[in-house]
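Reviewing the structure listed below.
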Protein chains: 2
Amino acid sequence: MTDERSADARAEVFQGVREARRNELAEDYVELIADLIQEQGEARPVDIAARLGVRVPTVTKTLDRLAREGLITRAKYRSVFLTSEGSALALECRRRHEIVLRFLIRLGLDPETAERDAEGIEHHVSERTLALFESYANRP
Amino acid sequence: MTDERSADARAEVFQGVREARRNELAEDYVELIADLIQEQGEARPVDIAARLGVRVPTVTKTLDRLAREGLITRAKYRSVFLTSEGSALALECRRRHEIVLRFLIRLGLDPETAERDAEGIEHHVSERTLALFESYANRP
DNA sequence: GTGAAAAGTTAGCAAAGACTAACTATGTGC
DNA sequence: GCACATAGTTAGTCTTTGCTAACTTTTCAC
């Protein structure tokens, strides 16, 4: 009985993690697209590819999926725009990213490692954890 | 110039994250296999599947890959064993998991959320971050 | 010791995310 | 205004990770 319950609980945890993993790439993309639009006025596949370290056709295919999911809009041979849903997700991601980053630096990590770790961690922190990170980063 | 360098730097970060993502599942498996062997004396596909919340054939297929990669050994219709490489990885994962978990709890997170978040975060923390987490968790 | 339940495997499907090669469109320099 | 470089797309491949359905093996109860 105990075993069953604990197996179920474990399964739920892993299902949650798998769910998060499925969303990671989309989050990376919309966050990056928002950054590019802000920095350069537009988000082009070639720049997305360079920033992510993948080839352009990989980006094309992923953008198709994001469009299918309603996070971006695009026209053939033109650059990419975020839908309002995509913008909202990008904002949320940026917020998480910044909190995690500030937290890690405040903890004493060098900024470069902090950036690396934040990129991996940000997709896996609950709101509750984020709140704790934030208050740690903000404490006097 | 600056743009190019920063794009390259970004790309390296993402390449690192993608690398970590590729290893996550293997790490989850060996960690769980080690737990099952310790708790129940053996690791059976049916239990692995139940704990991970996936179907048994999915487990079979992934175990094939882990065997191919030298992390486990197995015989048809028999339970799974870790190689020394697999054991070492499992130990390392457990260590990381426990440090992250203790850290989150010490930070004030409830144990259940801590467990969820630790499961996602543990694959993305550098040794440097881990050291900081550990000293925070151990401080008086 | 046999037969049914449980466990495990195999085959085959689908989607995602990576790649290369080959093609098409865009835009720029002269 | 045209040619060519750059950007983007399309097609096709591979691997991973999920699934179901169908089959085989093992185990256990009687």
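First the proteins, then the strands, lettered A, B, ... as listed; each starts at 1. Heavy-atom basis, side chains included; hydrogens, waters and symmetry copies ignored.
What separates CD of Glu19(A) from P of dT17(D) is a distance of 17 Å, to the nearest Å. The distance between atom CG of Leu52(A) and atom C1' of dC19(C), rounded to the nearest whole Å, is 15 Å. Atom CG of Asp64(B) and atom C1' of dG18(D) are 15 Å apart (whole Å). Distance Asn23(B) CG to dT15(D) C1': 15 Å, rounded to the nearest Å. The CZ-P distance, from Arg44(A) to dT6(D), rounds to 12 Å in whole Å. Here the C1' atom of nucleotide dT25(D) and the CZ atom of Arg78(B) are 9 Å apart, to the nearest Å.
Residue Val46(B) places its side chain closer to dG8(C) than to any other of dG8(C), dT27(D), dT10(D). With dT20(D), dT26(D), dT26(C) as the candidates, the nucleotide lying closest to the side chain of Tyr77(B) is dT26(D).
Listed pair Lys76(A) / dT10(D) meets the phosphate criterion, a side-chain N or O lying under 4.0 Å from OP1 or OP2. For dT9(D), one of the phosphate oxygens OP1 or OP2 lies less than 4.0 angstrom from a side-chain nitrogen or oxygen of Arg74(A).
Using bins of under 30°, 30° to 60° and over 60° for the plane-to-plane angle, the ring pair Tyr136(A)/Phe103(A) lands in the perpendicular bin.
Considering every non-hydrogen atom in both Gly70(B) and Thr83(B), the closest pair reads O-OG1, 2.7 Å. For the pair Ser87(A) and Leu82(A), the tightest heavy-atom approach, listed with the atom from each and the gap, is OG-CB, 3.7 Å.
Electrostatic pairing of Arg116(B) and Glu12(A) counts as a salt bridge here, judged by a charged N lying under 4.0 Å from a carboxylate O.
Looking at His97(B), Glu27(B), Glu24(B) one by one, the single match for side chain to side chain donor-acceptor pair (under 3.5 Å) with His123(B) turns out to be Glu27(B).
Remark: Arg128(B) CZ is loosely packed, at most 12 non-hydrogen atoms of other residues, nucleotides or ligands lying under 6.0 Å away.
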**Request:** Would you give a per-nucleotide map of nucleotides 13-18 of chain C, 5' to 3', where B means the base has a protein non-hydrogen atom under 4.0 Å away, S means only the sugar-phosphate does, and - means neither?
**Result:** B--SBB
